[in-house]
Amino acid sequence: MNFFTRRITVLRMDLDFFRHSIESALAPLVPDGAVRGLVSEPPPPKVDRGGGSGKARRSSGQRVKLADLSVPCFRLTRAFEGMKPPAIAVHLLTGLAGPPAGFSDVVANGPYLNFFYDPAVLAEKVLEGEIEPAADTGLTILVEYSSPNIAKPFHIGHLRTTILGECLARMLEHQGHTVVRINHLGDWGVQTGFQILAWRRWGRDAELERGGIRYLCDLYVRINAEAEDDPSLADQARALFRSLEEGDASVREDWRRFVDITLEELGRSYGRLGVGFDRYDGESSYETMIPGVLEELDESGMLYESEGARVVDVEGLEEPCILVKSDGATIYQTRDVAAALFRWKTWPGFSRCLYVVAANQEFHFRQVFGVFDRMRPDGAGRLRHVKFGMVRDAAGDIFSTRGGASARLDDILDEARDRALDLVREKSGPLQDEMAVAEAVGCAALAYEFLRRSPNRDLRFVFEEASRPDGDTGPYLQYTHARCCSIINECGGMPAGPWDPSLLDGPEEVEVLKALLRLPSAVGRSADHGSDAYDTSTFTSALMELARSFGSFYTASGDAGSGQRYRYPVRDAGPELRASRLRLVDSVRRALAWGLHLLTIQAPERM
RNA sequence: GCGCCCGUAGCUCAACCGGAUAGAGCAUCGGCCUUCUAAGCCGAGGGUUCCGCGUUCGAGUCGCGGCGGGCGCGCCA
């Protein structure tokens with residue numbers, strides 16, 4: 001059992017209603033559409049240290065909100081020649097003669113023209129939103145991610161590409177693009193030779209059956225350790241890889257077996273993460289295409305010999321790209337070029353092919369993209385390296401593949417689940433599916449830890465910190481979702497009748513509504529093939545703002561500024577207020593379920 | 001040496017096109033549960049945004065120069 005939301009859906013809202021309202025109200029007052037794109041959100045409310053008793057800020061108004069939306073008048077100085085920004089603000093305010101549709105107030109504050117939502121209109125526009133699938137854009141985007149090496153251990157660092165890639169894929173899909181998920185398995189090359197060499201020296205069938213990937217990794221670590229002292233082992237490994245490429249039957253048999261075992265086990269682990277691929281096109285699958293690629297390069301005159309190797313010049317790089325080593329074998333650049341050509345042929349006219357791979361591969365991809373761009377000018381520029389920083393451990397060291405730690409993806413997920421299980425048992429009441437919940441919470445902790453950060457920077461991963469239940473974490477989002485479910489449950493489900501948006505006029509309610517309103521556009525700022533933004537943290541923080549605003553709303557509603565405290569602000573609120581609050585709770589619930597799905601995180605209804 | 005990335009609170013990270021008082025979380029301190037999830041909420045302290053110069057009405061954000069860290073620079077992947 002798991003709690004993944006089934007279908008990708010989109011919260012559809014009349015998003016731009018408020019911005020358009022301001023723009024069209026100002027349009028007659030400003031020459032040639034200069035207001036377009038000027039509407040922006042001010043900084044969040046700040047505590048006024050000037051006074052206040054410090055009690056019940058809801059009623060004391062201690063927090064000062066600058067505005068909900070504002071128009072900075074600096075950039076209108078050209079349109080209003082000779083006027084200073086504050087004067088422009090006043091001028092526009094006078095011309096408006098009252099707040100535009102959807103707003104309850106408009107004021108001039110220095111150089112800013114500030115607008116305040118009419119809470120009832122805001123509530124109506126936001127909460128009447130429907131959930132429906134995104135429209136098809138007709139564009140195809142390929143996303144290559146995860147791509148583990150079958151010989152080497154899958155360490156924490158691989159989780160970053162796996163989760164980041166899946167999340168970007170979902171976000172792009174959400175925006176109506178056709179996404180093809182590709183796992184470019186590292187199942188070819190000299191390291192495969194090492195793998196086979198180790199197997200032939202020490203391998204035992206029974207152990208392989210029992211240990212699976214873990215056993216293969218142990219062998220790989222061992223052969224690498226011995227190769228430190230015995231350089232001839234590397235020669236043997238290279239020779240084995242060459243015979244693999246040349247089609248030696250017995251070598252190929254061993255290799256096939258390792259690939260199958262790895263794929264089977266990996267597939268189960270991916271399932272736990274909600275990650276799934278359309279294609280497992282490993283490096284080996286381009287083997288047969290390589291002669292054709294080299295032939296084409298040769299005929300076009302791009303390929304030439306340099307120090308025994310065969311290379312191609314790349315624009316903007318001083319060093320050419322090696323495609324055939326001096327021993328006649330291929331190199332991973334060769335296979336990546338072949339893969340790119342294959343993809344261009346298989347999905348002709350794709351608008352992007354994203355490579356979600358660590359930043360230290362940047363030079364490699366510049367070479368590969370450079371060769372591709374020369375060979376397929378009509379597809380040039382569509383290959384993009386979505387790079388991200390190294391993952392380091394608590395001591396600041398990079399997770400090593402050669403080191404003894406033979407972690408499998410499953411081991412990492414198990415640890416996350418076990419840590420979560422302790423919390424579930426400690427914090428929740430008895431749950432009949434506590435293992436499934438623990439699994440969901442554990443994976444959420446992991447996924448969120450990667451998605452909350454901008455990809456550029458290196459990242460320090462500490463299990464203790466990632467699996468913390470509170471604060472800026474995946475489990476907090478899940479918890480908020482579960483609370484929403486619980487509230488609706490306690491009220492006996494959603495009422496069918498009408499609801500009154502004007503009852504949702506408190507400052508906390510408005511903040512929740514604003515957080516909801518921001519959400520859909522945040523997806524586009526996180527993943528957009530047009531601007532080539534691929535940064536999940538933008539959406540992640542928008543979703544977190546929603547959850548936090550809900551927490552404040554929920555507590556504040558139980559307070560009601562009266563001093564009288566009642567603990568069931570929804571159920572005990574009286575029929576009208578209850579219906580309205582339920583409406584808000586339900587929208588938050590749906591938005592969280594949807595947002596968590598985009599983040600590859602499950603949304604249990606209880607935890 | 002050259003190229004790319006990064007430098008923001010004690011720690012981990014944010015900050016949409018350059019916009020108002022640089023925000024969260026953790027940690028610390030102080031409040032809030034008999035009743036729908038306290039895995040929560042409210043508050044306090046904590047900043048020369050690495051340094052300098054420049055661009056402009058305005059710079060954490062853009063440019064140049066430093067300093068510090070990371071990664072990469074042909075037959076591994």
Side-chain angles (χ1 to χ4, degrees), chain A residues 37-38 40-44 46-47 54 56-57 64 66-67 70 72 74-75 77 84-85 109-112 114 149 151-152 186 188-191 194 234 238 283 306-309 311 317-322 324-327 329 331-333 358-364 366-367 387 389-390 392 396 398 401 423-424 426-429 441 452-454 456-460 462 465 468-473 475-476 478-480 482-483 485-491 518 521-522 525 533 537-538 540-541 544-545 548 551-552 554-556 558-559 565-572 606-607:
Chain A
L38 275 191
S40 58
E41 274 200 75
K46 190 82 178 180
V47 173
R57 70 183 178 81
V64 179
L66 288 161
S70 63
F74 307 102
R75 270 183 288 175
T77 48
K84 301 256 185 217
N109 183 349
Y112 294 90
N114 285 340
N149 207 305
K152 299 181 184 175
W188 212 239
V190 173
Q191 26 93 21
F194 271 105
R238 272 190 284 270
E283 289 187 68
S306 165
E307 296 174 33
V311 303
L317 295 181
E318 294 190 9
E319 304 281 337
C321 173
I322 292 186
V324 183
K325 298 190 288 183
S326 41
D327 72 353
I331 191 170
Y332 78 132
Q333 282 92 329
N360 61 5
Q361 305 284 319
E362 187 171 9
F363 186 73
H364 165 71
R366 285 182 66 184
Q367 290 190 315
K387 49 184 183 275
M390 305 278 102
R392 328 188 89 92
I398 292 171
T401 49
L423 286 167
V424 169
E426 177 196 331
K427 309 255 185 197
S428 308
V441 171
R452 59 186 267 247
R453 279 122 136 171
S454 294
N456 283 354
R457 304 181 2 157
D458 286 358
L459 169 160
R460 213 174 63 107
V462 183
E465 291 171 12
R468 194 165 42 209
D470 55 353
D472 189 10
T473 66
Y476 174 86
Q478 292 178 309
Y479 171 73
T480 306
R483 287 178 105 182
C485 293
S486 182
I487 292 165
I488 294 167
N489 247 348
E490 186 65 24
C491 293
R518 279 191 289 257
S521 65
R525 276 183 283 127
S537 73
T538 308
T540 303
S541 22
M544 184 54 73
E545 275 174 36
R548 260 193 247 296
S552 301
Y554 179 71
T555 304
D559 221 351
R565 178 162 190 86
Y566 56 107
R567 186 87 193 286
Y568 296 114
V570 180
R571 190 190 69 190
D572 294 348
R606 301 181 59 82
M607 62 183 275

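First the proteins, then the strands, lettered A, B, ... as listed; each starts at 1. All heavy atoms count here, side chains included; hydrogens, waters and symmetry mates do not.
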Kindly confirm whether the side-chain ring of A/Phe74 is stacked on the base of B/rG58, judged by centres under 5.5 Å and planes under 30°. no
Anti or syn, where syn is a glycosidic angle within 90° of 0; which label fits B/rC26? anti
Minimum heavy-atom distance A/Ala522-A/Thr538, with the two atoms named: O-CG2, 4.3 Å
If I take atom CD in residue A/Gln367 and atom P in nucleotide B/rG74, what distance separates them, rounded to the nearest angstrom? 9 Å
Counting distance alone, no hydrogens or angles: does the base of B/rC42 have a donor or acceptor under 3.5 Å from a partner atom on the side chain of A/Thr555? no
What is the distance from CZ of A/Arg483 to P of B/rA38, rounded to the nearest Å? 5 Å
Identity of whatever pairs with B/rG3 - Watson-Crick or G-U, under 3.5 angstrom: B/rC71
Within this structure, what is the CZ-CZ distance for the pair A/Arg525 and A/Arg518, rounded to the nearest 0.5 Å? 9.0 Å
Give a yes/no answer on whether the side chain of A/Arg366 brings an N or O atom under 4.0 Å of OP1 or OP2 in B/rC73. no
In terms of ring plane angle, is the pair A/Tyr332 and A/His364 parallel, tilted or perpendicular, where the classes change at 30° and 60°? parallel
To the nearest Å, how far apart are A/Glu465 CD and B/rU12 P? 8 Å
Does a side-chain N or O of A/Asn456 approach OP1 or OP2 of B/rC5 to a distance below 4.0 Å, or not? no
Identified pairing partner of B/rC29, criterion: Watson-Crick or G-U wobble below 3.5 Å: B/rG43
Lys/Arg-Asp/Glu bridge criterion (N-O < 4.0 Å) met for A/Arg452, A/Asp472: yes
Name the closest nucleotide to the A/Asn149 side chain, picking from B/rC41, B/rA77, B/rG74. B/rA77
Check the distance between B/rG23's C1' and A/Asp472's CG and give it to me in whole angstrom. 12 Å
Kindly say if A/Tyr476 contacts the phosphate of B/rC41, meaning a side-chain N or O under 4.0 Å from OP1 or OP2. yes
Minimum-distance nucleotide (side-chain atoms of A/Arg392 versus B/rG70, B/rG72, B/rG3): B/rG70
Minimum-distance nucleotide (side-chain atoms of A/Arg452 versus B/rC36, B/rU12, B/rA77): B/rU12
Atom C1', compared across B/rC11 and B/rG46: separation rounded to whole Å: 12 Å
Could you check which of B/rU12, B/rG74, B/rC36 has an atom nearest any side-chain atom of A/Glu319? B/rG74
Rounded off to whole Å, could you give me the CD-to-P distance for the A/Glu362 and B/rC6 pair? 10 Å
Rounded to the Å, how far apart are A/Asp470 CG and B/rU28 P? 11 Å
Reckon A/Ser70 touches a base, only the sugar-phosphate, or nothing at all at heavy-atom distances under 4.0 Å? base
Minimum heavy-atom separation for A/Ala359 to A/Lys387, with atom names? CA-CB, 3.7 Å
Any base atoms under 4.0 Å from A/Glu41, or only sugar-phosphate, or nothing? Heavy atoms, all strands. base
Side chain of A/Arg75 only, heavy atoms from C-beta on: which candidate in B/rA15, B/rC6, B/rC17 is closest? B/rC17
Within the 4.0 Å heavy-atom criterion, would you say A/Leu459 contacts the bases, only the backbone, or no part of the nucleic acid? sugar-phosphate
Pairing check on B/rG54: which nucleotide meets the Watson-Crick or G-U wobble criteria with it, both distances under 3.5 Å? B/rC62
Checking B/rA77, B/rC75, B/rA39 against the side chain of A/Gln191 (C-beta onward), the nearest is B/rA77
If you take all heavy atoms of A/Phe194 and A/Ala234, which pair is closest and at what distance? CZ-CA, 3.7 Å
If you assign each of A/Thr538 and A/Glu283 to its closest nucleotide in RNA chain B, which residue comes earlier from the 5' end? A/Thr538
What's the base orientation of B/rC42: syn (chi within 90° of 0) or anti? anti
Give one of base, sugar-phosphate or nothing for A/Glu318, where a contact means two heavy atoms less than 4.0 Å apart. nothing
Between B/rG74 and B/rA27, how many Å separate the two P atoms, rounded to a whole number? 46 Å
For A/Glu545 and B/rA14, give me the distance from atom CD to atom C1', rounded to whole Å. 9 Å
To the side chain of A/Arg548, which of B/rC13, B/rC71, B/rG25 is closest? B/rG25
Any strand counts, and the cut-off is 3.5 Å on both contacts for Watson-Crick or G-U wobble. Which nucleotide pairs with B/rA24? B/rU12
Return the minimal non-hydrogen interatomic distance between A/Leu38 and A/Pro72, and the atom names on each side. O-CD, 3.2 Å
Please give, in whole Å, the distance from B/rC75 P to A/Arg238 CZ? 11 Å
Integer angstrom distance from the P of B/rG72 to that of B/rA9: 27 Å
Considering only atom P, compute the distance from B/rA59 to B/rG18 and round it to an integer number of Å. 14 Å
Euclidean distance for C1', B/rU34 against B/rG30 (whole angstrom): 24 Å
What is the nucleic acid contact for A/Gly551, judged by heavy atoms within less than 4.0 Å: base, sugar-phosphate only, or nothing? sugar-phosphate
Establish whether the base of B/rA14 is bridged to the side chain of A/Ser454 by a donor-acceptor pair shorter than 3.5 Å. no
Do any side-chain nitrogens or oxygens of A/Ser552 fall under 4.0 Å of OP1 or OP2 in B/rC42? yes
For nucleotides B/rU61 and B/rC16, find the distance between their C1' atoms and express it as a whole number of Å. 12 Å
Once you apply a heavy-atom cut-off of 4.0 Å, does A/Pro43 come out as touching a base, just sugar-phosphate, or nothing? base
For A/Met544 and for A/Gly189, locate the closest nucleotide of RNA chain B by heavy-atom distance; then report the residue assigned to the nucleotide nearer the 5' terminus. A/Met544
When we call it a touch if two heavy atoms are under 4.0 Å apart, what does A/Ser306 touch: a base, just sugar-phosphate, or nothing? base
Nearest to the side chain of A/Arg525, heavy atoms from C-beta on, is which of B/rC16, B/rA77, B/rA20? B/rC16
A/Asn114, nearest nucleotide to its side chain (from B/rA20, B/rG7, B/rG70): B/rA20
Can you figure out which of B/rA20, B/rA39, B/rA77 approaches the side chain of A/Ser428 most closely? B/rA39
So does A/Lys325 get a side-chain nitrogen or oxygen closer than 4.0 Å to the phosphate oxygens (OP1/OP2) of B/rC76? yes
When every non-hydrogen atom of A/Pro42 is compared with those of A/Ala67, the smallest separation belongs to CG-O, 3.2 Å
What's the shortest heavy-atom distance between A/Arg453 and A/Ser537, and which atoms? C-CB, 3.6 Å
With rounding to the closest Å, how many angstrom separate the P atoms on B/rG19 and B/rG60? 10 Å
A/Tyr479 ring over B/rG40 six-membered base ring, under 5.5 Å and 30°: no
Indicate, with a heavy-atom threshold strictly under 4.0 Å, whether A/Tyr332 touches base, sugar-phosphate, or nothing. base
Determine the Euclidean distance between corresponding P atoms of B/rG68 and B/rC29; express it in Å to zero decimal places. 38 Å
Assess A/Arg468 against A/Tyr476: is NZ or CZ under 6.0 Å from the centre of the six-membered ring, and within 45 degrees of the ring's axis? no
Can a side chain N or O of A/Arg457 be found less than 4.0 Å away from OP1 or OP2 on B/rC6? no
